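Reviewing the structure listed below.
Fair warning: this is a prediction, and the values are worked out from it, not measured in the lab.
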Amino acid sequence: SKESHEALKENLDEENDNKRLAVPDSSGLNFIELQDILYCESDGNYTNIHLSSGKKLVASKTLGEYEKLLGEDGFFRIHRSYLINLSQVERVDRSNAGMAILKDGSSLDISRRKKSAFLSAIGNLS
């Protein structure tokens, strides 16, 4: 709904380093700090949000909606299934077609189409 989208945006617009995202689940709202998100993974009309604590939240929004919400905040869509937090990337393995390895050890495919944009996005961080 439009209202909940606005509420999410408002929550993100606060200019501080601890930006938080409101993630609705079946029984309420979870407020998570963006820096605690490793990556978001598409699951049909849902999105699995993987946190650095090892927890996973299932949100009833599509990955595309999260891409719109988080794209300005250091998140990058490396693949149709993955939106990653650039600050959680530990290394990029360029051998086997390209993998982003995150600080928790997850390795995620980078799609060929996204590779050069991803490398420049992550290069701009260093």
Side-chain angles (χ1 to χ4, degrees):
S1 72
K2 189 167 170 4
E3 300 79 69
S4 67
H5 188 80
E6 287 307 309
L8 286 175
K9 262 322 251 190
E10 214 164 274
N11 202 24
L12 276 174
D13 284 337
E14 290 172 20
E15 272 309 305
N16 61 19
D17 291 338
N18 303 2
K19 289 191 174 177
R20 298 198 310 168
L21 180 65
V23 180
D25 63 20
S26 51
S27 55
L29 272 180
N30 299 286
F31 292 95
I32 51 181
E33 296 198 356
L34 298 192
Q35 66 213 29
D36 293 338
I37 300 173
L38 287 165
Y39 66 100
C40 303
E41 175 189 21
S42 172
D43 187 6
N45 290 325
Y46 293 89
T47 297
N48 296 319
I49 299 177
H50 297 263
L51 303 177
S52 51
S53 63
K55 250 173 65 171
K56 181 179 90 173
L57 296 175
V58 179
S60 49
K61 281 181 174 301
T62 65
L63 191 60
E65 291 177 80
Y66 281 112
E67 185 180 13
K68 284 193 193 86
L69 275 172
L70 299 171
E72 302 287 290
D73 285 297
F75 283 74
F76 191 89
R77 183 87 177 255
I78 57 167
H79 186 279
R80 62 193 160 78
S81 300
Y82 304 122
L83 175 70
I84 66 172
N85 184 344
L86 292 174
S87 66
Q88 291 283 1
V89 176
E90 189 156 83
R91 76 179 250 112
V92 176
D93 191 334
R94 280 199 269 238
S95 52
N96 50 26
M99 302 284 279
I101 292 128
L102 304 186
K103 289 178 179 168
D104 74 330
S106 312
S107 42
L108 306 176
D109 279 320
I110 303 163
S111 76
R112 280 202 181 81
R113 298 186 300 117
K114 301 279 191 183
K115 197 189 284 182
S116 62
F118 168 66
L119 289 171
S120 77
I122 200 139
N124 288 340
L125 280 184
S126 45

Gap separating the [atom1] atom of [X] from the [atom2] atom of [Y], nearest 0.5 angstrom:
X      : Y      : atom1 : atom2 : result
Lys114 : Asp109 : NZ    : CG    : 14.0 Å
Leu70  : Leu83  : CG    : CG    : 6.0 Å
Ser107 : Arg91  : OG    : CZ    : 10.5 Å
Ser111 : Ile78  : OG    : CD1   : 8.0 Å
Lys115 : His79  : NZ    : NE2   : 12.0 Å

For the side chain of Arg77 and the backbone of Arg80, is there at least one donor-acceptor N/O pair under 3.5 Å apart?
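Looks like yes, one N/O pair under 3.5 Å.
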Between Gln88 (side chain only) and Gln35 (backbone N and O only), is there a donor and an acceptor less than 3.5 Å apart?
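Confirmed, Gln88 side chain pairs with Gln35 backbone.
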Does Leu102 reach the side chain of Val89, with side-chain heavy atoms less than 4.5 Å apart?
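Yes, at least one pair of side-chain atoms sits under 4.5 Å.
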Tell me, do Lys56 and Leu51 make a side-chain contact under 4.5 Å, heavy atoms counted?
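Not in contact.
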Is it possible for you to say whether Val58 and Ile84 belong to one hydrophobic cluster, with membership spreading through side-chain heavy-atom contacts below 4.5 Å?
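The answer is no; the residues belong to distinct hydrophobic clusters.
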Partner residues of Phe76 under the ring-ring contact (aromatic ring centres under 6.0 Å, His included) criterion, sequence neighbours left out
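Expected list: Phe118.
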Show me the donor-acceptor pairs within less than 3.5 Å that the side chains of residues 36-47 make with the rest of the protein, sequence neighbours left out.
unit_1: Glu41; atom_1: OE1; unit_2: His50; atom_2: NE2; d: 2.8
unit_1: Thr47; atom_1: OG1; unit_2: Lys61; atom_2: O; d: 2.7
unit_1: Thr47; atom_1: OG1; unit_2: Leu63; atom_2: N; d: 3.1

Among Leu34, Asn85, Leu21, the one residue meeting side-chain contact (heavy atoms from CB on, under 4.5 Å) with Asp73:
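For Asp73, the side-chain contact (heavy atoms from CB on, under 4.5 Å) test succeeds with only one of Leu34, Asn85, Leu21, which is Leu34.
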